[in-house]
Colleague: 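Could you have a look at this structure, given as structure tokens, before my questions?
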Amino acid sequence: MSSRWLVGFLLAGILLWLPASSVAQDTDVTVHVVQRGETLYRIAQQYNLSIDAIASFNNIADPTNIQVGQRLLIPLSGNARSEIPSTHVVQPGETLKRIAAIYNLSMEELASLNSLEDINTIYVGQVLNLAIPIAPTPAPDPTMPIEPTAVAVAKASVETSSTTPFLYTVQGGDTLFRIATRFGLTVNDLARANNVSDPTLIYSGQQLIIPGVKSPELALDLPPSIVSFQVEPLIFVEGETGRFRFTTSEPMSVGGTFLDRGLSVASDQNGMLDTILVGVPVFTEAGIYPLNLTLTNNTGQMTLLNINIQVLSGGYSRETITLASNRTDLLDPTLEAAEQSLLQGIMGNFSPTRYFDGPMSLPAAASISSPFGRKRSYNGGPFDRFHAGTDFAGAPGTPVLASAPGYVVFADRLDVRGNATIIDHGWGVYTGYWHQTQQYVKVGDFVNTEQVIGTIGSTGRVTGPHLHWELWVNGVAVDPMQWVQESFS
Ligand SMILES: [Zn+2]
């Protein structure tokens, strides 16, 4: 899954328009960034191509497996070639002014095409419409001289290029510098086109897009001290994890806020590659939220960066839970508040060393009985609680497994959560395992992935045996199953 992150998207959202005059043969291509909900079938339809044509052009073995944010090279046929891209996906650091300039539109035109009232509210991942509507042609009046009517989509004048983008497969012994030199590019061009944040981290077999257009207009409006900036995924979701990763031109100390929370920053040894993991709390309203970062260099010079991020609803279902009158102890607000603040005090911390690597493994060989995020109402009350973890229905005695390496920072009995173990995986990532019968580890132990740390039970306030598995990021409980499928290392 890490290749998904490595294959980035800085250039990605920009649909390159290659003028028909530049290359006469049939290899003109455009770049399409896969959007949420798209399938290869739909994309193929959009470009009037077959699925096979796109799959083979991009060396896709399994056409059902495409990822949001993945860039596809789309071969353009002769008649499609003269078209101007109809949309632009906003990238981190882009401003409306900059985007308008790429397509030779005025900022006002672009704003009105997209009914934007405030030019500062565009957000990363937003799809902007570029097509100028065609004015209806009036019926010709033979008595009047013919006036030219409004010309549609005729304004784009993106630079011509002598080559078209193509895919290159990294060979053993290649470096980004070598590849860049071979194709007459700079390392920066290549790193930016592929959103490679660390140019030393390319691997044999990786596919790089060799950009055909060396256009300064593709540069983003990032401050000069920020070399690249990634937002993954482009659009965040309530209850899920997102990642900001950026490289700076000199060592910087970074602070920031998102969703009214302070951010913790994981920095590499020379302080030039920074990663921020954020959990989007359940109950965050869908909308646009600013990420505010302050970067300070060694001489105290500060750079401020503000990027708008869209948050979508997690679409969690609702459930009404009716507790028998003799079990209203499950709702004791004082007990619950005390435990919650105890958890916050442990899982809200940040260890600068990362112990996890790649996706997490499941905490038990058992089926899921209740997913994360369901909004709950107890005994007819408001839906103001949610299921903060994923439940596994294992028989009592089923082994509980550590999901990733880390240090045990809590192993004790709690009133509500029963026998509970918490593992610190570094970078502000913690997993919790509640309601166990046996606990085989103690605070200070270092555990490895799939190490047996206890057994499934029904301790604490539960109605039957199960493992409740929780994952916290930057002090926020998020859907742990996202971490089973994706890598945030
Ligand atoms: Zn649960």
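Worth saying up front: this structure is predicted, and the values here are computed from it rather than measured. Numbering of ligands and ligand atoms starts at 1, following listing order.
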Colleague: Ring centres under 6.0 Å, that's the criterion: do Y123 and F236 meet it?
Modeller: no
Colleague: Taking the six-membered ring for Trp, is the centroid-to-centroid distance between F488 and F356 below 6.0 Å?
Modeller: no
Colleague: Could you please give the number of protein N/O/S atoms within less than 2.8 Å of the Zn ion (ligand 1)?
Modeller: 4
Colleague: Please find out if less than 6.0 Å separates the ring center of F350 from that of W427.
Modeller: no
Colleague: Nearest 0.5 Å, what's the CG-CG distance between D412 and N419?
Modeller: 8.0 Å
Colleague: Can the ring centres of F386 and Y316 be said to be less than 6.0 Å apart?
Modeller: no
Colleague: Which residues satisfy the ring pair (Phe, Tyr, Trp, His ring centres under 6.0 Å) test with H435, sequence neighbours excluded?
Modeller: H466
